[in-house]
*Asks:* 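Handing you a structure now.
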Amino acid sequence: KNYLSFRIGAGALVTDVSTKTTAGAEVSSEVATVAPVLTGVNFYPFQISEDDNFLPYISVYAGPYIGVYSKSEIGIASVTEERIVETVIGAKLGAGLDFLVGSLFKLGVNAGYHFVGDYSQPIGSETNYSGPEYSLSFGFVF
């Protein structure tokens, strides 16, 4: 349908990397990433004809939000490592505007909000990564 587009995508909501060195020759590093893998649709309610170049839309996406946390500490006499991988279900609601460039490409801007379930253990410093998102997009029209 001209008024619907199906999408699948992956990204990173947050990537946090920190390293600390102490005077006692201890080194620690932490890495945290939350990566959504979402599928959904964009609905173009105001598209009247195929000649429209500006296409406002609303979007609904859902899927897993994969959280990965890794911590390593190296001391003079010991090495400790911790790794957490957890997946929660979430959704993203949003709105945006696509601009058609010729008949094969489109550029877009959008804003949305991620509704993410709570992780049972902190991924980095948080257990919940719900929040706003603003992005630019580039796509192919089939």
*Asks:* On a heavy-atom basis, which atom in Ser120 and which in Glu86 lie closest, and how many Å separate them?
*Replies:*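 Heavy atoms only, the tightest pair is N-OE2, 2.9 Å.
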*Asks:* Enumerate donor-acceptor pairs with a distance under 3.5 Å from any side-chain N or O in residues 132-142 to protein atoms, sequence neighbours excluded.
*Replies:*
residue : atom : partner : partner atom : Å
Glu133  : OE1  : Lys92   : NZ           : 2.5
Glu133  : OE2  : His114  : NE2          : 3.1
Ser135  : OG   : Asn110  : OD1          : 3.1
Ser135  : OG   : Asn110  : ND2          : 3.1

*Asks:* Can you list, by chain and residue number, the hydrophobic cluster partners of Tyr65 when the side-chain cut-off is 4.5 Å?
*Replies:*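 Joined to Tyr65, directly or through intermediates: Leu13, Val14, Val34, Leu38, Tyr61, Tyr69, Ile84, Val88, Val116, Tyr119, Ile123, Tyr129.
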*Asks:* For Val31, what are the other residues in its hydrophobic cluster, where any two members join if their side-chain heavy atoms are less than 4.5 angstrom apart?
*Replies:*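 Once heavy-atom contacts under 4.5 Å are chained together, Val31 belongs with Val17.
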*Asks:* Could you measure the distance from the OG atom of Ser70 to the CZ atom of Arg83? Nearest 0.5 Å is fine.
*Replies:*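 Separation between the atoms: 5.5 Å.
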*Asks:* Transitively linked via ILVMFWY side-chain contacts under 4.5 Å: Ile8 with Val60?
*Replies:*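 No.
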*Asks:* For Glu73, enumerate each residue passing the salt bridge (Lys or Arg N to Asp or Glu O under 4.0 Å) test, keeping only those at least two apart in sequence or located in another chain.
*Replies:*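 Testing Glu73 for salt bridge (Lys or Arg N to Asp or Glu O under 4.0 Å), a comparison that skips the adjacent residues, returns Lys71.
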*Asks:* How close do Thr127 and Gln121 get, heavy atom to heavy atom, and via which atoms?
*Replies:*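 What the structure gives for the nearest pair is CG2-C, 4.1 Å.
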*Asks:* Which atoms form the tightest heavy-atom contact between Glu26 and Gly75, and what is the distance?
*Replies:*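 Minimum heavy-atom separation between Glu26 and Gly75: CG-CA, 3.9 Å.
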*Asks:* Once side chain to side chain contact (heavy atoms under 4.5 Å, CB included) is applied, do any residues pair with Thr87, and if so which ones, sequence neighbours excluded?
*Replies:*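 Side chain to side chain contact (heavy atoms under 4.5 Å, CB included) check on Thr87 returns Pro64, Ile66.
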*Asks:* Once rounded to the nearest 0.5 Å, what's the spacing between atom CG of Asn42 and atom CG of Asp98?
*Replies:*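 Atom-to-atom, Asn42:CG and Asp98:CG are 6.5 Å apart.
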*Asks:* Quick one: side chain to side chain contact (heavy atoms under 4.5 Å, CB included) partners of Phe43, sequence neighbours excluded?
*Replies:*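 Scan of Phe43 (side chain to side chain contact (heavy atoms under 4.5 Å, CB included), adjacent residues dropped) gives Tyr3, Leu4, Pro45, Ile58.
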*Asks:* Would you give the length of the straight line joining atom CG of Asn53 to atom NZ of Lys106, rounded to the nearest 0.5 angstrom?
*Replies:*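 Interatomic distance, Asn53 CG to Lys106 NZ, rounded to 0.5 Å: 12.5 Å.
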*Asks:* Report the distance from atom OG of Ser28 to atom CD of Glu30, rounding to the nearest 0.5 Å.
*Replies:*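 If we round to the nearest 0.5 Å, Ser28:OG and Glu30:CD are 6.5 Å apart.
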